[in-house]
Amino acid sequence: MRHIISLLMENEAGALSRVAGLFSARGYNIESLSVAPTEDPTLSRMTLVTIGSDEVIEQITKQLNKLIEVVKVVDLSEGDHIERELMLVKVRATGDDREEMKRLADIFRGNIIDVTDKSYTIELTGTSSKLDAFLEAIERNMILETIRTGASGLGRGERILKV
Amino acid sequence: MSVELTGAEITVRCLQEEGVNYIFGYPGGAVLFIYDELFKQDKVKHILVRHEQAALHAADGYARSSHKVGVALVTSGPGVTNAVTGIATAYMDSIPLVIISGQVPTAAIGQDAFQEVDTVGITRPCVKHNFLVKDVTELASTMKKAFYIASTGRPGPVLVDIPKDVTQQKMVFSYPSNVSMRSYNPVVEGNSQQIKKAAQLILSAKRPMIYTGGGVILDNASEALTELVRLLNFPCTNTLMGLGGYPATDKRFVGMLGMHGTYEANMAMQYCDVLIAVGARFDDRVIGNPKHFYSEERKIIHIDIDPSSISKRVKVDIPIVGSVSEVLNELIKLIKASKEETDAHALKEWWKQIDLWRERDCLRYDRTSAVIKPQMVVEKLYAVTKGDAFITSDVGQHQMWAAQFYQFDKPRRWINSGGLGTMGFGLPSAMGVQFANPNGTVACITGEASIQMCIQELSTCKQYQLPLKIINLNNRYMGMVRQWQEFFHGNRYSESYMDALPDFVKLAESYGHVGMKIEKPEDVEGALKEAFKLKKRLVFMDFITDQTENVFPMVPGGKGLSEMILV
Ligand SMILES: Cc1ncc(C[n+]2csc(CCOP(=O)(O)OP(=O)(O)O)c2C)c(N)n1
């Protein structure tokens, strides 16, 4: 199963490599990883998307908790949560395809943020599966390049991750 | 006005503040200022080893035998890389160490400077935590944290990497009196509901078994464990790391379990209905294949300080996270206060079954042999030292015979590399043990292959007059490798013969020690007596043993605990 794990850690040099090292040393999957400082600059918040059985996910959260610089860990997918990812896609946009691309971006509530006479750059946010769906809707050879931030997320309502 | 100290002085002052008596190390460019400060004081005694691996093992043996934090000091680059084996050894067995490593000056970091390695990167996967001190203002607080992290929760090695310029920078020294870290707060007390549930399950058991590991030793919980086992009259087994946690000469002790555990311990593990695991982690050398170990009927209680050790390899029914000594004491209280009692009838039947297994006499060997049997040497060693020695070991068959035949009644007496299985550990760790226990009898049981991995330390032993007794079980083979080749590789003894061995007697003598060579079974006891009479000398005893002896019982890799090869 896919899990979104969110963690707060000390914003110190090397903390990220401890998390990455843990995943490679123990053979866990990382689908995506995103990290940035929080409103409190001494803390970073990381969102990790991983796939594993319940036993593996239990070990992952325990092992993350064991890292000295990790302050708190939650598995967001255990409860209601909001997930968002940002993607930028540069697509071929010439002739008839120009209209078609614009329509498609609209359907997915994307914004065209850069235009040349041959291409569009589309900005899209949503769950990771929505971004996947958008990419599937476009013919492969129309895509010039893509970049995704990896998922980030928060618990819904009263579910709050804070020190 | 307060005086300013250099980083090097601060480093040494921190060690003094922590009450460190001994540090084990080796100098080099990056740590010269620290060595200069060591020179100017005499509270912290520096022990000069002959290889950084040995510094780590010595600090490790010191820690294991004394319940103090062991401290090592090494220089940058090759000093650190040499130390890595020792750091990983301590990490695998959860031994509290603080390692101070020199680093190139901060401005040179990342420049591929002379003797630069990414120490924090190299050691990251084999330390509990590590630090790079970038400024002298962080030095004292980092040292404080290092000692705190190393010795609390599940202990482990912590490395502090100090660039050379930081050892020259100056500031006013003050040592923090306590540490608080929002990201590190190890649990001590177990959950009382869980402990209650455990007590109930324990009292309802028909075929109980208590299985304990290194956690009992590390948390000084042997007294509590002994009280609990006696209160319940349950059988008890110890892992290789847990020997001495429960007195081996007590009749409730069924021996070590695992790959080379006794028949009775392994069978009781497999067929019990309630298993109480204490400070142990169900590792592959202990339970074999978890699929074969699984049993529908068996309920498991698991007490451990490290939540990630629980339900890692085996799903348990009642997990209890906490200090094992605290939890055991709670359990004792509850059981004493309970109106319920253990099922005496069922327990009697269970003991009958265990005694039947015991009759299998799984550790028997040929006592009439005309060549020296290694098991006999360990038995005689036990007799001659009256079971009261500190025994360190290397890795191989001799390690297993030591574990099987020396009966440890006290904790912290059996010192070996269980997790990493590091050949070369025996001699340097024995040095650390002797420093921690200056009046103790310390023997190192080793093999002719293992001893050569840190043989240079005979020189250190001479310098500090350490009266160790080295028991070399010399079978001219990497015996454990040869045994696997015999069992699983069609007797093809690929590269496991130890050719071109030195004359160990002369070798010992050339280092200024006493050497003995013992070739006949009837000479074993006398030689041991003679050696242990030499209270001030290191004696290297080269026992020429049976070349083809194997360690039994044996659970082959991937098999279940009850699928033992027996003698
Ligand atoms: C550093 C290291 N290298 C290799 C091994 C693999 N190994 C395990 S036991 C063993 C043989 C040990 O031989 P010896 O010290 O003579 O002991 P014996 O088994 O004969 O008692 C070897 C090579 C190891 N454990 N450690």
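Just so we're clear, the structure is a prediction, and the values are computed from it rather than from any experiment. Sequence lines set the chain letters: A, B, ... in the order given, protein chains first and strands last, and positions in each chain run from 1. Just so it is clear, the values below take in all heavy atoms, side chains as well, and ignore hydrogens, waters and symmetry mates.
Of the residues considered (Val163(A), Ile68(A), Leu67(A)), Ile68(A) shows the highest number of contacts with chain B, using heavy-atom pairs under 4.5 Å. In terms of heavy-atom pairs under 4.5 Å with chain A, the best-connected choice from Ile149(B), Asn130(B), Val120(B), Leu132(B) is Asn130(B).
Heavy-atom distances place no part of Ser24(A) under 4.5 Å from chain B, backbone and side chain included. Neither the backbone nor the side chain of Lys145(B) comes within contact range of chain A; no heavy atoms are under 4.5 Å apart. Both the backbone and the side chain of Glu69(A) come within contact range of chain B, with heavy atoms under 4.5 Å apart.
The closest donor-acceptor contact from the side chain of Lys62(A) to the backbone of Ile310(B) lies under 3.5 Å.
In this structure, OG on Ser308(B) lies 12.5 Å from CD1 on Ile60(A), to the nearest 0.5 angstrom. The CZ atom of Arg26(A) lies 5.5 Å from the NZ atom of Lys312(B); values are rounded to the nearest 0.5 Å.
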Criterion side chain to side chain contact (heavy atoms under 4.5 Å, CB included) on Lys66(A) and Arg154(B), from CA distance to verdict: CA-CA 10 Å; Lys66(A) 226 167 107 170; Arg154(B) 179 175 179 173; 3.9 Å; yes
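The neighbour count for Asp112(B) CG, taken as heavy atoms of other residues, nucleotides or ligands under 6.0 Å away, does not exceed 12. Residue-environment remark: CD (Glu139(A)) stays at or below the threshold of 12 foreign heavy atoms within 6.0 Å. Heavy-atom neighbours of Lys90(A) NZ from other residues, nucleotides or ligands within 6.0 Å: at or below the threshold of 12. Atom NZ of Lys144(B) has more than 12 neighbouring heavy atoms from other residues, nucleotides or ligands inside a 6.0 Å radius. The neighbour count for Glu189(B) CD, taken as heavy atoms of other residues, nucleotides or ligands under 6.0 Å away, does not exceed 12. The number of heavy-atom neighbours closer than 6.0 Å to CD1 of Ile147(A), taken from other residues, nucleotides and ligands shown, is 12 or below.
Counting heavy atoms from C-beta outward, Arg18(A) and His129(B) have side chains that approach closer than 4.5 Å.
When all heavy atoms of Ser311(B) and Glu58(A) are compared, the closest pair comes out as CB-OE2, 3.9 Å. Looking at every heavy atom in both residues, Ser183(B) comes nearest to Val71(A) through CB-CG2, 3.7 Å.
Salt-bridge annotation for Arg182(B) and Glu10(A): present, with a side-chain N of the basic residue lying under 4.0 Å from a carboxylate O of the acidic one.
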